[in-house]
Amino acid sequence: MKHTITLIPGDGIGPEVSSAVVRIIEAAGVEVQWETHYAGAQALEKFGTTLPEDLLESIKRNRVALKGPITTPVGKGFTSVNVGLRKTLDLYANLRPVRALPNVPSRYPELDLVVVRENTEDLYSGIEHVVVPGVVESIKIITEKASTRVSKFAFEYARREARKKVTAIHKANIMKLSDGLFLECFYNVSKAYPEITADDKIVDNACMQLVMRPEQFDIMLLENLYGDIVSDLCAGLIGGLGLVPGANIGEQGAVFEAVHGSAPDIAGQGIANPTALLQSGILMLRYLDERDAAERVERAMLKVFEEGRVRTRDIGGEAHTMEFAEAVIAAME
Ligand code: NAI
């Protein structure tokens with residue numbers, strides 16, 4: 001079976017980690033034709049737009065993309081390409097499995113939880129305006145439609161992966177209407193999944209609980225902004241951003257990406273940890289029904305972590321990006 005996959009190498013460390021992952025996927029024997037496209041500043045320079053039509057067409061056609069991180073200017077300049085992609089392709093669910101890896105310094109070596117984040121609305125609606133000089137209004141949108149479908153996604157995922165509990169995280173004590181609606185939709189959907197426990201927690205308490213007793217969580221379901229923040233917190237619980245995968249999934253396709261950014265502080269040095277994007281690649285292989293290849297790559301990656309000899313700097317080792325990739329390839333059965 002041959003797959004055509006859209007590849008967005010991205011900015012900063014993006015090209016370094018994506019070439020490592022492409023090499024590993026190919027070494028696993030998966031036949032892929034990669035369609036490489038640029039987005040963000042690189043695309044703006046070449047094509048006058050941050051999200052070229054060719055790129056969007058390629059993802060729509062292939063229904064699957066692997067994406068490196070893309071730099072977003074802070075406080076000025078173009079709007080986030082990541083948010084743009086999610087909205088344009090209606091990739092409404094963001095999935096981030098957070099699982100501790102062997103030999104990675106972390107406070108919670110047994111942790112295994114999943115963050116599901118709503119991807120299309122909330123304060124990311126991008127509706128901001130100056131009311132009068134010195135006063136800015138930023139609008140939070142929560143809809144029944146988006147809250148219901150992302151809740152269904154979380155419960156379906158729980159059922160498929162034999163997970164036991166979904167916890168909705170909210171601030172409905174303060175935002176009674178918006179977060180109240182999100183919570184109401186969550187509990188409505190939960191009725192169709194009686195075998196899965198549904199509960200909820202207020203977001204500030206949830207953050208404290210995550211730091212003190214994260215093992216109480218199984219799947220966490222959050223609106224867009226809380227999900228953005230809490231999923232990075234969860235990455236920190238198991239050793240950092242270089243490790244955790246992410247997928248943006250909708251009815252028409254999926255974009256698999258690392259949760260970290262373009263890491264300008266280490267870009268170009270060949271020292272970035274490709275594990276996050278590799279784990280996203282493993283999720284992608286499963287999505288493509290390449291289950292054997294996904295398992296072989298995952299086993300090889302875990303073996304490299306278990307042996308603990310080849311580790312990148314962010315987790316206390318010395319290895320370069322490609323050395324890690326080669327070690328994973330060598331460990332493949
Ligand atoms: P960042 O994730 O790029 O970096 C935060 C820290 O983590 C840095 O010290 C960096 O060196 C380290 N780090 C991140 N990934 C790593 C890896 N694979 N291996 C080793 N160390 C790693 O976050 P930051 O600095 O806030 O953002 C930089 C740029 O990335 C910004 O323009 C931001 O908008 C963009 N960004 C893009 C994302 C995406 O495309 N999905 C997600 C997050 C940020």
Trainee: Does the side chain of Asn103 come within less than 4.5 Å of Glu307's, by heavy atoms?
Mentor: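 They are not in side-chain contact.
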Trainee: Fit a plane to each ring of Tyr193 and Phe155, take the angle between them on a 0 to 90° scale, and name the class: parallel (under 30°), tilted (30 to 60°) or perpendicular (over 60°).
Mentor: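 The rings of Tyr193 and Phe155 lie parallel, inter-plane angle below 30°.
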Trainee: Please say whether more than 12 non-hydrogen atoms of neighbouring residues, nucleotides or ligands are located less than 6.0 Å from CE in Met212.
Mentor: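 At most 12 heavy atoms, drawn from other residues, nucleotides or ligands, come within 6.0 Å of this atom.
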Trainee: Identify whether NZ of Lys or CZ of Arg in Arg99 sits under 6.0 Å from the centre of the six-membered ring of Phe305 and within 45° of that ring's axis.
Mentor: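 The answer is no, since Arg99 fails at least one limit relative to Phe305.
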Trainee: Is atom CZ of Arg159 surrounded by more than 12 heavy atoms (other residues, nucleotides or ligands) closer than 6.0 Å?
Mentor: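 Counting neighbours around CZ of Arg159, more than 12 heavy atoms of other residues, nucleotides or ligands fall under 6.0 Å, so yes.
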Trainee: Would Ser262 and Asp11 count as having a side-chain donor-acceptor pair, cut-off 3.5 Å?
Mentor: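 No, no side-chain donor-acceptor contact under 3.5 Å.
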Trainee: Between Thr49 (side chain) and Leu51 (backbone), is there a donor-acceptor pair under 3.5 Å?
Mentor: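 A pair under 3.5 Å: yes.
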Trainee: How close do Ile219 and Ala154 get, heavy atom to heavy atom, and via which atoms?
Mentor: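 Looking at all heavy atoms of both residues, the shortest contact is CD1-O, 3.9 Å.
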Trainee: Any luck finding a side-chain donor-acceptor pair between His37 and Asp54 under 3.5 Å?
Mentor: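 Short answer, no.
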Trainee: State whether the number of non-hydrogen atoms from other residues, nucleotides or ligands found under 6.0 Å of Glu215 atom CD is greater than 12.
Mentor: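 Yes, CD of Glu215 has more than 12 neighbouring heavy atoms, counting only those of other groups under 6.0 Å.
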Trainee: Counting only heavy atoms not in Gln269, do more than 12 sit closer than 6.0 Å to its CD atom?
Mentor: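 Counting other residues, nucleotides and ligands, CD of Gln269 exceeds 12 neighbours.
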Trainee: Indicate whether any N or O donor in one side chain lies under 3.5 Å from an N or O acceptor in the other, for Glu251 and Tyr92.
Mentor: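 Yes, a side-chain donor-acceptor pair sits under 3.5 Å.
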Trainee: Would you say that Pro9 contacts Ser19 through its side chain, given a criterion of any heavy-atom pair below 4.5 Å between the two side chains?
Mentor: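 Of all side-chain heavy-atom pairs linking Ser19 with Pro9, none is under 4.5 Å.
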Trainee: Measuring only between side-chain heavy atoms, which start at C-beta, is Glu118 closer than 4.5 Å to Ser147?
Mentor: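 When only atoms from C-beta onward are counted, Ser147 and Glu118 do not touch, as no gap falls below 4.5 Å.
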Trainee: Check whether any side-chain heavy atom of Leu241 sits under 4.5 Å from a side-chain heavy atom of Asp232, and report yes or no.
Mentor: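 Counting from C-beta outward, Leu241 and Asp232 do come under 4.5 Å.
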Trainee: Taking Ala272's backbone N and O only, do any of them form a donor-acceptor pair with Glu16's side chain (distance below 3.5 Å, no angle check)?
Mentor: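 Judged by distance alone, no pair lies under 3.5 Å.
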Trainee: Is atom CZ of Arg61 surrounded by more than 12 heavy atoms (other residues, nucleotides or ligands) closer than 6.0 Å?
Mentor: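 Check passes, neighbour count above 12.
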Trainee: Are Lys171 and Tyr226 in a cation-pi setup, meaning NZ or CZ lies under 6.0 angstrom from the ring centre and within 45 degrees of the ring axis?
Mentor: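 Cation-pi check for Lys171 and Tyr226: fails.
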